[in-house]
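All chains are named by letter (A, B, ...) in the order of the sequence lines, taking the proteins before the strands, and each is independently numbered beginning at 1.
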Protein chains: 2
Amino acid sequence: MKDRMTPAARMGGHTQRGQCAKRMSILDAAADVFCRQGFAGASIDEIAAVACVSRQTIYNHYREKETLFVAVVEDVMNRANAMLFSVLSSFPDNADDLEGELTAFAVRLNKNCICNHDGKFLRKLVQTEGERYPHLFESWRQQGPGKLITALSALFARLAHKGTLVIDDFDVAARQFVALGNADLQMMILLGATPTDEELEKAARNAVRTFLKAYGRPVAEKAGQQPQLAAISG
Amino acid sequence: MKDRMTPAARMGGHTQRGQCAKRMSILDAAADVFCRQGFAGASIDEIAAVACVSRQTIYNHYREKETLFVAVVEDVMNRANAMLFSVLSSFPDNADDLEGELTAFAVRLNKNCICNHDGKFLRKLVQTEGERYPHLFESWRQQGPGKLITALSALFARLAHKGTLVIDDFDVAARQFVALGNADLQMMILLGATPTDEELEKAARNAVRTFLKAYGRPVAEKAGQQPQLAAISG
DNA sequence: GACGTTTTAGACAATGGCGTCTAATTTTAC
DNA sequence: GTAAAATTAGACGCCATTGTCTAAAACGTC
(Lines give C-alpha, C1' and ligand atoms only; values in the text may rest on other atoms or scores of the structure.)
Protein backbone atom coordinates (compact mmCIF):
# COMPACT_ATOMS: atom_id res chain seq x y z
CA MET A 1 0.00 0.00 0.00
CA LYS A 2 2.98 2.26 -0.42
CA ASP A 3 2.35 3.70 -3.83
CA ARG A 4 -1.43 3.59 -4.40
CA MET A 5 -1.53 2.87 -8.13
CA THR A 6 -4.67 2.77 -10.16
CA PRO A 7 -5.87 -0.83 -10.19
CA ALA A 8 -6.48 -1.28 -13.87
CA ALA A 9 -3.83 1.20 -14.88
CA ARG A 10 -1.13 -1.14 -16.03
CA MET A 11 -3.09 -4.28 -16.91
CA GLY A 12 0.22 -6.08 -16.77
CA GLY A 13 -1.41 -9.39 -17.57
CA HIS A 14 -1.18 -10.32 -13.94
CA THR A 15 -4.61 -10.62 -12.40
CA GLN A 16 -6.92 -11.23 -15.29
CA ARG A 17 -9.66 -13.68 -14.53
CA GLY A 18 -10.79 -12.21 -11.23
CA GLN A 19 -10.75 -8.65 -12.40
CA CYS A 20 -12.36 -9.47 -15.69
CA ALA A 21 -15.18 -11.30 -13.97
CA LYS A 22 -15.80 -8.35 -11.68
CA ARG A 23 -15.75 -5.97 -14.62
CA MET A 24 -18.27 -8.01 -16.53
CA SER A 25 -20.43 -8.37 -13.50
CA ILE A 26 -20.38 -4.62 -12.98
CA LEU A 27 -21.10 -3.92 -16.63
CA ASP A 28 -24.03 -6.31 -16.67
CA ALA A 29 -25.51 -4.97 -13.48
CA ALA A 30 -25.02 -1.39 -14.60
CA ALA A 31 -26.70 -2.11 -17.91
CA ASP A 32 -29.64 -3.58 -16.07
CA VAL A 33 -30.02 -0.70 -13.64
CA PHE A 34 -29.35 2.06 -16.18
CA CYS A 35 -31.91 0.51 -18.49
CA ARG A 36 -34.57 0.34 -15.81
CA GLN A 37 -33.90 3.64 -14.06
CA GLY A 38 -32.18 5.80 -16.63
CA PHE A 39 -28.92 7.57 -15.95
CA ALA A 40 -30.20 10.01 -13.37
CA GLY A 41 -32.34 7.47 -11.58
CA ALA A 42 -29.68 4.80 -11.32
CA SER A 43 -27.68 4.76 -8.11
CA ILE A 44 -24.18 3.39 -7.80
CA ASP A 45 -25.21 1.61 -4.65
CA GLU A 46 -27.94 -0.30 -6.44
CA ILE A 47 -25.58 -1.24 -9.25
CA ALA A 48 -23.09 -2.47 -6.70
CA ALA A 49 -25.76 -4.52 -4.98
CA VAL A 50 -26.95 -6.09 -8.24
CA ALA A 51 -23.37 -6.83 -9.24
CA CYS A 52 -22.62 -8.32 -5.81
CA VAL A 53 -19.70 -5.98 -5.50
CA SER A 54 -18.76 -3.20 -3.16
CA ARG A 55 -19.25 0.37 -4.25
CA GLN A 56 -15.56 1.06 -3.97
CA THR A 57 -14.78 -1.65 -6.49
CA ILE A 58 -16.90 0.16 -9.04
CA TYR A 59 -14.97 3.33 -8.39
CA ASN A 60 -11.75 1.38 -8.73
CA HIS A 61 -12.70 0.38 -12.26
CA TYR A 62 -14.52 3.50 -13.37
CA ARG A 63 -13.66 6.96 -12.21
CA GLU A 64 -17.22 8.21 -11.89
CA LYS A 65 -20.81 7.43 -12.74
CA GLU A 66 -20.57 8.93 -16.19
CA THR A 67 -17.44 6.92 -17.02
CA LEU A 68 -19.29 3.77 -16.06
CA PHE A 69 -22.28 4.76 -18.14
CA VAL A 70 -20.21 5.37 -21.26
CA ALA A 71 -18.39 2.07 -20.73
CA VAL A 72 -21.68 0.23 -20.42
CA VAL A 73 -23.08 1.76 -23.59
CA GLU A 74 -19.92 0.95 -25.52
CA ASP A 75 -19.93 -2.60 -24.21
CA VAL A 76 -23.51 -3.22 -25.21
CA MET A 77 -22.91 -1.56 -28.55
CA ASN A 78 -19.99 -3.85 -29.27
CA ARG A 79 -22.06 -6.93 -28.51
CA ALA A 80 -24.97 -5.62 -30.56
CA ASN A 81 -22.75 -4.78 -33.51
CA ALA A 82 -21.20 -8.23 -33.50
CA MET A 83 -24.66 -9.78 -33.41
CA LEU A 84 -25.91 -7.56 -36.20
CA PHE A 85 -22.92 -8.45 -38.35
CA SER A 86 -23.56 -12.11 -37.71
CA VAL A 87 -27.21 -11.83 -38.67
CA LEU A 88 -26.42 -9.76 -41.75
CA SER A 89 -23.95 -12.39 -42.90
CA SER A 90 -26.53 -15.11 -42.47
CA PHE A 91 -28.50 -14.37 -45.61
CA PRO A 92 -27.69 -17.11 -48.12
CA ASP A 93 -26.05 -16.19 -51.40
CA ASN A 94 -28.43 -18.13 -53.57
CA ALA A 95 -31.96 -17.97 -52.28
CA ASP A 96 -34.08 -20.43 -54.17
CA ASP A 97 -37.02 -19.85 -51.81
CA LEU A 98 -36.90 -16.09 -51.52
CA GLU A 99 -40.01 -15.70 -49.39
CA GLY A 100 -38.83 -18.32 -46.94
CA GLU A 101 -35.33 -16.91 -46.71
CA LEU A 102 -36.55 -13.35 -46.25
CA THR A 103 -38.95 -14.48 -43.55
CA ALA A 104 -36.32 -16.42 -41.68
CA PHE A 105 -33.98 -13.47 -42.00
CA ALA A 106 -36.58 -11.07 -40.61
CA VAL A 107 -37.14 -13.42 -37.70
CA ARG A 108 -33.43 -13.54 -36.94
CA LEU A 109 -33.10 -9.79 -37.22
CA ASN A 110 -36.01 -9.07 -34.92
CA LYS A 111 -35.18 -11.78 -32.44
CA ASN A 112 -31.45 -11.24 -32.09
CA CYS A 113 -30.96 -7.55 -32.83
CA ILE A 114 -34.11 -5.60 -32.12
CA CYS A 115 -36.23 -7.41 -29.55
CA ASN A 116 -33.39 -8.76 -27.44
CA HIS A 117 -31.88 -7.36 -24.28
CA ASP A 118 -29.23 -5.27 -25.97
CA GLY A 119 -31.61 -3.86 -28.52
CA LYS A 120 -33.99 -2.76 -25.82
CA PHE A 121 -31.17 -1.22 -23.83
CA LEU A 122 -29.77 0.73 -26.73
CA ARG A 123 -33.09 2.00 -27.96
CA LYS A 124 -34.10 3.15 -24.53
CA LEU A 125 -30.83 4.72 -23.54
CA VAL A 126 -30.19 6.31 -26.90
CA GLN A 127 -33.60 7.88 -26.73
CA THR A 128 -33.34 9.15 -23.18
CA GLU A 129 -29.68 10.18 -23.03
CA GLY A 130 -29.01 10.64 -26.72
CA GLU A 131 -29.23 14.41 -26.55
CA ARG A 132 -26.82 14.49 -23.63
CA TYR A 133 -24.28 12.24 -25.37
CA PRO A 134 -24.59 13.05 -29.07
CA HIS A 135 -21.32 11.28 -29.84
CA LEU A 136 -22.55 7.98 -28.44
CA PHE A 137 -25.82 8.35 -30.26
CA GLU A 138 -24.17 9.11 -33.58
CA SER A 139 -21.85 6.16 -33.20
CA TRP A 140 -24.78 3.88 -32.53
CA ARG A 141 -26.77 5.25 -35.43
CA GLN A 142 -23.97 4.64 -37.90
CA GLN A 143 -22.96 1.18 -36.75
CA GLY A 144 -26.46 -0.04 -35.99
CA PRO A 145 -29.32 1.17 -38.16
CA GLY A 146 -26.94 2.73 -40.67
CA LYS A 147 -25.08 -0.49 -41.29
CA LEU A 148 -28.31 -2.45 -41.38
CA ILE A 149 -29.89 -0.28 -44.04
CA THR A 150 -26.73 -0.22 -46.11
CA ALA A 151 -26.42 -3.99 -46.04
CA LEU A 152 -30.10 -4.55 -46.82
CA SER A 153 -29.93 -2.02 -49.60
CA ALA A 154 -27.01 -3.89 -51.15
CA LEU A 155 -28.83 -7.19 -50.77
CA PHE A 156 -31.91 -5.86 -52.51
CA ALA A 157 -29.80 -4.35 -55.26
CA ARG A 158 -28.32 -7.79 -55.87
CA LEU A 159 -31.74 -9.41 -55.94
CA ALA A 160 -33.08 -6.71 -58.25
CA HIS A 161 -30.12 -7.18 -60.54
CA LYS A 162 -30.91 -10.88 -60.73
CA GLY A 163 -34.47 -9.95 -61.58
CA THR A 164 -35.92 -11.49 -58.44
CA LEU A 165 -37.17 -8.14 -57.16
CA VAL A 166 -38.36 -4.99 -58.87
CA ILE A 167 -37.14 -1.96 -56.93
CA ASP A 168 -36.51 1.61 -57.93
CA ASP A 169 -35.01 2.90 -54.67
CA PHE A 170 -33.04 0.30 -52.73
CA ASP A 171 -32.56 2.48 -49.67
CA VAL A 172 -36.26 3.13 -49.34
CA ALA A 173 -36.97 -0.55 -49.84
CA ALA A 174 -34.49 -1.44 -47.10
CA ARG A 175 -36.09 0.96 -44.63
CA GLN A 176 -39.50 -0.32 -45.56
CA PHE A 177 -38.43 -3.91 -45.08
CA VAL A 178 -37.30 -3.15 -41.56
CA ALA A 179 -40.37 -1.07 -40.84
CA LEU A 180 -42.69 -3.80 -42.08
CA GLY A 181 -40.82 -6.35 -40.03
CA ASN A 182 -41.50 -4.30 -36.91
CA ALA A 183 -45.06 -3.34 -37.78
CA ASP A 184 -46.72 -6.07 -35.73
CA LEU A 185 -44.23 -5.80 -32.87
CA GLN A 186 -44.23 -2.05 -32.32
CA MET A 187 -45.94 -2.18 -28.97
CA MET A 188 -43.74 -4.92 -27.64
CA ILE A 189 -40.66 -3.14 -28.92
CA LEU A 190 -41.70 0.09 -27.26
CA LEU A 191 -42.51 -1.65 -24.01
CA GLY A 192 -39.42 -3.82 -24.15
CA ALA A 193 -41.43 -7.03 -23.96
CA THR A 194 -40.04 -10.14 -25.59
CA PRO A 195 -42.24 -11.62 -28.32
CA THR A 196 -42.71 -15.35 -28.52
CA ASP A 197 -41.34 -17.36 -31.41
CA GLU A 198 -44.83 -17.64 -32.84
CA GLU A 199 -45.28 -13.89 -32.75
CA LEU A 200 -41.91 -13.37 -34.37
CA GLU A 201 -42.74 -15.85 -37.10
CA LYS A 202 -46.14 -14.35 -37.77
CA ALA A 203 -44.84 -10.80 -37.86
CA ALA A 204 -42.10 -11.76 -40.28
CA ARG A 205 -44.52 -13.64 -42.55
CA ASN A 206 -46.88 -10.67 -42.68
CA ALA A 207 -44.03 -8.32 -43.39
CA VAL A 208 -42.45 -10.39 -46.14
CA ARG A 209 -45.75 -11.13 -47.84
CA THR A 210 -46.51 -7.44 -48.10
CA PHE A 211 -42.94 -6.63 -49.08
CA LEU A 212 -43.05 -9.17 -51.89
CA LYS A 213 -46.46 -8.04 -53.04
CA ALA A 214 -44.95 -4.59 -53.44
CA TYR A 215 -41.51 -5.49 -54.76
CA GLY A 216 -41.73 -9.08 -55.97
CA ARG A 217 -41.41 -9.71 -59.69
CA PRO A 218 -44.90 -9.56 -61.15
CA VAL A 219 -45.39 -13.18 -62.20
CA ALA A 220 -47.55 -13.80 -65.26
CA GLU A 221 -50.35 -15.58 -63.43
CA LYS A 222 -50.71 -12.81 -60.86
CA ALA A 223 -53.93 -11.51 -62.33
CA GLY A 224 -55.67 -14.82 -61.87
CA GLN A 225 -54.02 -15.55 -58.52
CA GLN A 226 -56.08 -16.52 -55.52
CA PRO A 227 -56.21 -13.88 -52.77
CA GLN A 228 -53.22 -15.36 -50.98
CA LEU A 229 -55.24 -17.24 -48.42
CA ALA A 230 -54.29 -20.63 -49.74
CA ALA A 231 -50.60 -19.91 -49.22
CA ILE A 232 -50.91 -19.46 -45.46
CA SER A 233 -52.42 -22.81 -44.69
CA GLY A 234 -49.02 -24.52 -44.25
CA MET B 1 -55.25 33.00 6.66
CA LYS B 2 -57.64 31.61 9.19
CA ASP B 3 -58.61 28.33 7.62
CA ARG B 4 -55.82 27.41 5.16
CA MET B 5 -57.89 25.89 2.39
CA THR B 6 -56.41 24.20 -0.61
CA PRO B 7 -56.13 26.75 -3.42
CA ALA B 8 -57.78 24.80 -6.19
CA ALA B 9 -60.07 22.93 -3.85
CA ARG B 10 -63.27 24.78 -4.41
CA MET B 11 -62.72 26.34 -7.82
CA GLY B 12 -65.58 28.65 -6.96
CA GLY B 13 -65.34 30.40 -10.27
CA HIS B 14 -63.72 33.35 -8.57
CA THR B 15 -60.14 33.65 -9.68
CA GLN B 16 -60.02 31.66 -12.85
CA ARG B 17 -57.83 33.30 -15.43
CA GLY B 18 -54.85 33.87 -13.20
CA GLN B 19 -54.82 30.42 -11.67
CA CYS B 20 -55.54 28.73 -14.94
CA ALA B 21 -52.71 30.54 -16.61
CA LYS B 22 -50.34 29.50 -13.85
CA ARG B 23 -51.50 25.92 -14.09
CA MET B 24 -50.96 25.80 -17.83
CA SER B 25 -47.62 27.46 -17.48
CA ILE B 26 -46.59 24.87 -14.91
CA LEU B 27 -47.87 21.99 -17.02
CA ASP B 28 -46.04 23.23 -20.09
CA ALA B 29 -42.81 23.79 -18.25
CA ALA B 30 -43.05 20.45 -16.51
CA ALA B 31 -43.68 18.68 -19.79
CA ASP B 32 -40.61 20.32 -21.23
CA VAL B 33 -38.34 19.47 -18.31
CA PHE B 34 -39.70 15.97 -17.78
CA CYS B 35 -39.23 15.25 -21.46
CA ARG B 36 -35.65 16.46 -21.47
CA GLN B 37 -34.52 15.09 -18.12
CA GLY B 38 -36.87 12.23 -17.36
CA PHE B 39 -38.76 11.92 -14.11
CA ALA B 40 -35.77 11.31 -11.86
CA GLY B 41 -33.59 13.91 -13.53
CA ALA B 42 -36.15 16.68 -13.49
CA SER B 43 -36.03 19.04 -10.54
CA ILE B 44 -38.96 21.00 -9.24
CA ASP B 45 -36.79 24.09 -9.06
CA GLU B 46 -35.98 23.90 -12.74
CA ILE B 47 -39.62 23.43 -13.63
CA ALA B 48 -40.49 26.42 -11.49
CA ALA B 49 -37.82 28.49 -13.21
CA VAL B 50 -38.99 27.50 -16.70
CA ALA B 51 -42.59 28.20 -15.72
CA CYS B 52 -41.60 31.57 -14.22
CA VAL B 53 -43.30 30.56 -11.01
CA SER B 54 -42.16 30.00 -7.47
CA ARG B 55 -41.61 26.50 -6.23
CA GLN B 56 -44.29 26.90 -3.61
CA THR B 57 -46.88 27.64 -6.28
CA ILE B 58 -46.20 24.28 -7.84
CA TYR B 59 -46.72 22.60 -4.48
CA ASN B 60 -49.93 24.58 -4.07
CA HIS B 61 -51.32 23.04 -7.24
CA TYR B 62 -49.81 19.57 -7.04
CA ARG B 63 -49.12 17.76 -3.82
CA GLU B 64 -45.82 16.26 -4.86
CA LYS B 65 -43.56 15.61 -7.80
CA GLU B 66 -45.33 12.44 -8.79
CA THR B 67 -48.73 14.13 -8.76
CA LEU B 68 -47.38 16.77 -11.09
CA PHE B 69 -45.91 14.14 -13.37
CA VAL B 70 -49.15 12.23 -13.67
CA ALA B 71 -51.04 15.47 -14.32
CA VAL B 72 -48.61 16.41 -17.07
CA VAL B 73 -48.90 13.04 -18.77
CA GLU B 74 -52.68 13.17 -18.65
CA ASP B 75 -52.71 16.71 -19.99
CA VAL B 76 -50.50 15.86 -22.93
CA MET B 77 -52.48 12.68 -23.57
CA ASN B 78 -55.70 14.64 -23.74
CA ARG B 79 -54.26 17.06 -26.26
CA ALA B 80 -52.76 14.24 -28.29
CA ASN B 81 -56.02 12.29 -28.30
CA ALA B 82 -57.97 15.29 -29.50
CA MET B 83 -55.46 15.86 -32.27
CA LEU B 84 -55.52 12.21 -33.28
CA PHE B 85 -59.29 12.25 -33.41
CA SER B 86 -59.20 15.34 -35.57
CA VAL B 87 -56.71 13.79 -37.98
CA LEU B 88 -58.62 10.53 -38.12
CA SER B 89 -61.80 12.39 -38.99
CA SER B 90 -60.05 14.24 -41.77
CA PHE B 91 -60.03 11.40 -44.25
CA PRO B 92 -62.66 12.20 -46.91
CA ASP B 93 -65.59 9.86 -47.35
CA ASN B 94 -65.27 9.62 -51.09
CA ALA B 95 -61.67 9.53 -52.17
CA ASP B 96 -61.52 9.89 -55.92
CA ASP B 97 -57.74 10.24 -55.83
CA LEU B 98 -56.88 7.50 -53.36
CA GLU B 99 -53.11 7.82 -53.60
CA GLY B 100 -53.26 11.55 -53.08
CA GLU B 101 -55.66 11.31 -50.18
CA LEU B 102 -53.68 8.58 -48.46
CA THR B 103 -50.49 10.54 -48.90
CA ALA B 104 -51.98 13.72 -47.50
CA PHE B 105 -53.44 11.71 -44.63
CA ALA B 106 -50.07 10.14 -43.83
CA VAL B 107 -48.49 13.57 -43.83
CA ARG B 108 -51.09 14.90 -41.41
CA LEU B 109 -50.73 11.87 -39.18
CA ASN B 110 -46.96 12.07 -39.00
CA LYS B 111 -46.84 15.82 -38.71
CA ASN B 112 -49.54 16.37 -36.11
CA CYS B 113 -49.57 13.17 -34.10
CA ILE B 114 -46.23 11.43 -34.27
CA CYS B 115 -43.47 13.92 -35.00
CA ASN B 116 -44.88 16.80 -32.99
CA HIS B 117 -44.07 17.90 -29.48
CA ASP B 118 -46.72 15.82 -27.76
CA GLY B 119 -45.90 12.72 -29.73
CA LYS B 120 -42.26 12.98 -28.81
CA PHE B 121 -43.13 13.55 -25.18
CA LEU B 122 -45.44 10.60 -24.93
CA ARG B 123 -43.19 8.20 -26.74
CA LYS B 124 -40.23 9.14 -24.59
CA LEU B 125 -42.02 9.19 -21.28
CA VAL B 126 -44.07 6.10 -21.95
CA GLN B 127 -40.91 4.26 -22.81
CA THR B 128 -38.88 5.44 -19.84
CA GLU B 129 -41.51 5.48 -17.10
CA GLY B 130 -44.02 3.06 -18.59
CA GLU B 131 -42.93 0.21 -16.38
CA ARG B 132 -43.25 2.37 -13.31
CA TYR B 133 -46.74 3.59 -14.24
CA PRO B 134 -48.36 0.71 -16.10
CA HIS B 135 -51.78 2.30 -15.81
CA LEU B 136 -50.70 5.44 -17.64
CA PHE B 137 -49.00 3.40 -20.29
CA GLU B 138 -51.98 1.18 -20.85
CA SER B 139 -54.28 4.16 -21.12
CA TRP B 140 -52.01 5.75 -23.71
CA ARG B 141 -51.73 2.54 -25.68
CA GLN B 142 -55.47 2.13 -25.94
CA GLN B 143 -56.40 5.69 -26.76
CA GLY B 144 -53.40 6.37 -28.98
CA PRO B 145 -52.04 3.56 -31.12
CA GLY B 146 -55.03 1.35 -30.36
CA LYS B 147 -57.54 3.87 -31.62
CA LEU B 148 -55.38 4.68 -34.62
CA ILE B 149 -55.12 1.07 -35.75
CA THR B 150 -58.81 0.46 -35.18
CA ALA B 151 -59.80 3.49 -37.21
CA LEU B 152 -57.38 2.71 -40.02
CA SER B 153 -58.53 -0.87 -40.06
CA ALA B 154 -62.13 0.26 -40.46
CA LEU B 155 -61.15 2.68 -43.20
CA PHE B 156 -59.32 -0.01 -45.13
CA ALA B 157 -62.23 -2.37 -44.67
CA ARG B 158 -64.50 0.22 -46.26
CA LEU B 159 -62.11 0.74 -49.16
CA ALA B 160 -61.75 -3.00 -49.64
CA HIS B 161 -65.49 -3.39 -49.61
CA LYS B 162 -65.73 -0.80 -52.36
CA GLY B 163 -63.12 -2.76 -54.28
CA THR B 164 -60.56 0.00 -54.16
CA LEU B 165 -58.14 -2.08 -52.12
CA VAL B 166 -57.48 -5.83 -51.90
CA ILE B 167 -56.74 -6.76 -48.29
CA ASP B 168 -57.08 -10.00 -46.41
CA ASP B 169 -56.21 -8.76 -42.91
CA PHE B 170 -57.27 -5.18 -42.22
CA ASP B 171 -55.50 -4.95 -38.89
CA VAL B 172 -52.21 -6.02 -40.35
CA ALA B 173 -52.68 -3.59 -43.21
CA ALA B 174 -53.34 -0.78 -40.76
CA ARG B 175 -50.20 -1.50 -38.79
CA GLN B 176 -48.21 -1.76 -41.97
CA PHE B 177 -49.55 1.55 -43.23
CA VAL B 178 -48.36 3.27 -40.09
CA ALA B 179 -45.06 1.43 -40.15
CA LEU B 180 -44.44 2.35 -43.77
CA GLY B 181 -45.33 5.94 -43.03
CA ASN B 182 -42.65 6.04 -40.38
CA ALA B 183 -40.05 4.04 -42.28
CA ASP B 184 -38.14 7.04 -43.63
CA LEU B 185 -38.52 9.04 -40.41
CA GLN B 186 -37.45 6.43 -37.85
CA MET B 187 -34.24 8.19 -36.92
CA MET B 188 -35.86 11.56 -36.55
CA ILE B 189 -38.67 10.04 -34.54
CA LEU B 190 -36.26 8.30 -32.22
CA LEU B 191 -34.16 11.40 -31.78
CA GLY B 192 -37.17 13.65 -31.46
CA ALA B 193 -36.11 15.84 -34.35
CA THR B 194 -38.78 17.59 -36.39
CA PRO B 195 -38.81 16.68 -40.08
CA THR B 196 -39.31 19.38 -42.67
CA ASP B 197 -42.43 19.49 -44.80
CA GLU B 198 -40.47 18.15 -47.75
CA GLU B 199 -39.26 15.18 -45.71
CA LEU B 200 -42.79 14.52 -44.49
CA GLU B 201 -44.13 14.66 -48.01
CA LYS B 202 -41.45 12.40 -49.41
CA ALA B 203 -41.82 9.84 -46.62
CA ALA B 204 -45.57 9.73 -47.11
CA ARG B 205 -45.26 9.36 -50.88
CA ASN B 206 -42.81 6.48 -50.52
CA ALA B 207 -45.03 4.81 -47.95
CA VAL B 208 -48.25 5.12 -49.91
CA ARG B 209 -46.69 4.02 -53.17
CA THR B 210 -45.45 0.82 -51.56
CA PHE B 211 -48.69 0.34 -49.69
CA LEU B 212 -50.70 0.63 -52.89
CA LYS B 213 -48.35 -1.63 -54.79
CA ALA B 214 -49.07 -4.24 -52.13
CA TYR B 215 -52.75 -3.60 -51.53
CA GLY B 216 -53.99 -1.57 -54.48
CA ARG B 217 -56.45 -3.22 -56.85
CA PRO B 218 -54.40 -4.94 -59.55
CA VAL B 219 -55.35 -2.83 -62.57
CA ALA B 220 -55.32 -4.53 -65.94
CA GLU B 221 -52.46 -2.51 -67.40
CA LYS B 222 -50.21 -3.19 -64.45
CA ALA B 223 -48.03 -5.65 -66.31
CA GLY B 224 -47.09 -3.11 -68.92
CA GLN B 225 -46.86 -0.21 -66.46
CA GLN B 226 -43.83 2.02 -66.41
CA PRO B 227 -41.67 1.62 -63.29
CA GLN B 228 -43.48 4.44 -61.47
CA LEU B 229 -40.82 7.03 -62.17
CA ALA B 230 -43.04 9.05 -64.44
CA ALA B 231 -45.61 9.54 -61.69
CA ILE B 232 -43.25 11.42 -59.39
CA SER B 233 -42.34 14.15 -61.82
CA GLY B 234 -45.22 16.42 -60.80
C1' DG C 1 -59.30 51.37 -0.26
C1' DA C 2 -60.22 46.89 2.25
C1' DC C 3 -60.38 42.04 2.34
C1' DG C 4 -59.49 37.35 1.08
C1' DT C 5 -56.76 34.67 -1.85
C1' DT C 6 -52.72 33.61 -4.31
C1' DT C 7 -48.03 34.11 -5.12
C1' DT C 8 -43.35 34.81 -3.82
C1' DA C 9 -38.66 34.48 -1.89
C1' DG C 10 -36.15 32.50 1.27
C1' DA C 11 -35.03 29.70 5.14
C1' DC C 12 -35.37 25.12 6.92
C1' DA C 13 -34.83 20.05 8.07
C1' DA C 14 -34.56 15.62 6.04
C1' DT C 15 -33.16 12.61 2.67
C1' DG C 16 -30.24 10.41 -0.47
C1' DG C 17 -26.73 10.02 -3.69
C1' DC C 18 -21.84 10.82 -5.13
C1' DG C 19 -17.18 10.32 -4.54
C1' DT C 20 -13.25 9.81 -1.02
C1' DC C 21 -10.86 7.66 2.54
C1' DT C 22 -9.30 4.05 5.73
C1' DA C 23 -8.41 -0.18 7.85
C1' DA C 24 -9.27 -4.88 7.54
C1' DT C 25 -9.79 -8.90 4.66
C1' DT C 26 -9.45 -11.67 0.62
C1' DT C 27 -7.43 -13.00 -3.58
C1' DT C 28 -3.56 -13.78 -6.62
C1' DA C 29 1.14 -14.52 -8.10
C1' DC C 30 5.47 -16.39 -7.15
C1' DG D 1 4.27 -18.68 2.94
C1' DT D 2 4.79 -14.12 1.58
C1' DA D 3 4.11 -9.94 -0.59
C1' DA D 4 1.52 -7.21 -3.74
C1' DA D 5 -2.83 -6.13 -5.49
C1' DA D 6 -7.68 -6.14 -5.19
C1' DT D 7 -11.87 -6.11 -2.60
C1' DT D 8 -14.81 -4.99 1.18
C1' DA D 9 -17.62 -2.53 4.69
C1' DG D 10 -18.22 1.42 6.70
C1' DA D 11 -17.76 6.14 7.81
C1' DC D 12 -17.35 10.69 6.07
C1' DG D 13 -18.09 15.42 3.77
C1' DC D 14 -20.46 17.49 0.27
C1' DC D 15 -24.06 18.80 -2.48
C1' DA D 16 -28.61 18.67 -4.76
C1' DT D 17 -33.32 17.92 -4.08
C1' DT D 18 -37.70 17.35 -1.85
C1' DG D 19 -41.30 19.13 0.67
C1' DT D 20 -42.65 22.40 4.58
C1' DC D 21 -43.06 26.71 6.68
C1' DT D 22 -43.37 31.78 7.23
C1' DA D 23 -43.80 36.51 6.44
C1' DA D 24 -44.20 39.76 2.96
C1' DA D 25 -45.98 41.18 -1.43
C1' DA D 26 -49.21 41.09 -5.38
C1' DC D 27 -53.62 40.34 -7.12
C1' DG D 28 -58.63 40.58 -7.88
C1' DT D 29 -63.05 41.84 -6.37
C1' DC D 30 -66.23 44.51 -4.04
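Atom-to-atom, CD of B:Glu66 to P of D:dG19 comes out at 9 Å; the value is rounded to the nearest Å. At whole-Å resolution of the value, CD1 in B:Ile44 and C1' in C:dT15 are 15 Å apart. D:dG19 atom P lies 16 Å from atom NE2 of B:His61, rounded to whole Å. Whole-Å rounding puts the B:Phe69 CZ to D:dT18 P distance at 14 Å. A straight line from CG of B:Asn60 to P of C:dA9 spans 13 Å, rounded to a whole angstrom. Between the CD1 atom of B:Ile58 and the P atom of D:dT20 there is a distance of 13 Å, rounded to whole Å. Between the OH atom of B:Tyr59 and the P atom of D:dC21 there is a distance of 13 Å, rounded to whole Å. Per the geometry, CG belonging to B:Asp45 stands 9 Å off C1' belonging to D:dA16, to the nearest Å.
In terms of modelled atom types and a separation under 3.5 Å, the side chain of B:Asp32 and the main chain of B:Asp28 share no donor-acceptor contact.
For the pair B:Lys65 and B:Phe39, the distance from NZ or CZ to the six-membered ring centre is under 6.0 Å and the angle to the ring normal is within 45 degrees.
Checked against the 6.0 Å centroid threshold, B:Phe34 and B:Phe121 do not count as a close aromatic pair. Remark: aromatic rings of A:Phe156 and A:Phe177 are close, center separation under 6.0 Å.
For A:Lys22 and D:dT8, the shortest distance from a side-chain N or O to OP1 or OP2 is below 4.0 Å.
Residue B:Val53 places its side chain closer to C:dT8 than to any other of C:dT8, D:dT18, C:dG17. With C:dT7, D:dT20, C:dC18 as the candidates, the nucleotide lying closest to the side chain of B:Arg55 is D:dT20. The side chain of A:Thr57 lies closest to D:dT8, out of C:dG19, D:dT8, D:dT18. If you check D:dT17, C:dT7, D:dT7 against the side chain of A:Ser54, the one that comes closest is D:dT7.
A:Gln56 contributes a side-chain N or O that forms a donor-acceptor pair with the base of C:dC21 under 3.5 Å.
Judged purely by distance below 3.5 Å, without hydrogens or angles, the side chains of A:Thr57 and A:Ser54 pair a donor atom with an acceptor atom.
Taken over five-pair windows at either terminus, the axes of the helix from C:dG1-D:dC30 to C:dC30-D:dG1 are inclined to one another by 40° (rounded to 10 degrees).
Comment: A:Lys124 does not engage A:Glu129 in a salt bridge, judged by the lack of any side-chain N to carboxylate O separation of less than 4.0 angstrom. For B:Lys202 and B:Glu199, the salt-bridge test fails: no basic side-chain N is under 4.0 Å from an acidic carboxylate O.
Within 4.0 Å of A:Ala42, counting heavy atoms only, lie sugar-phosphate atoms of the nucleic acid but no base atom.
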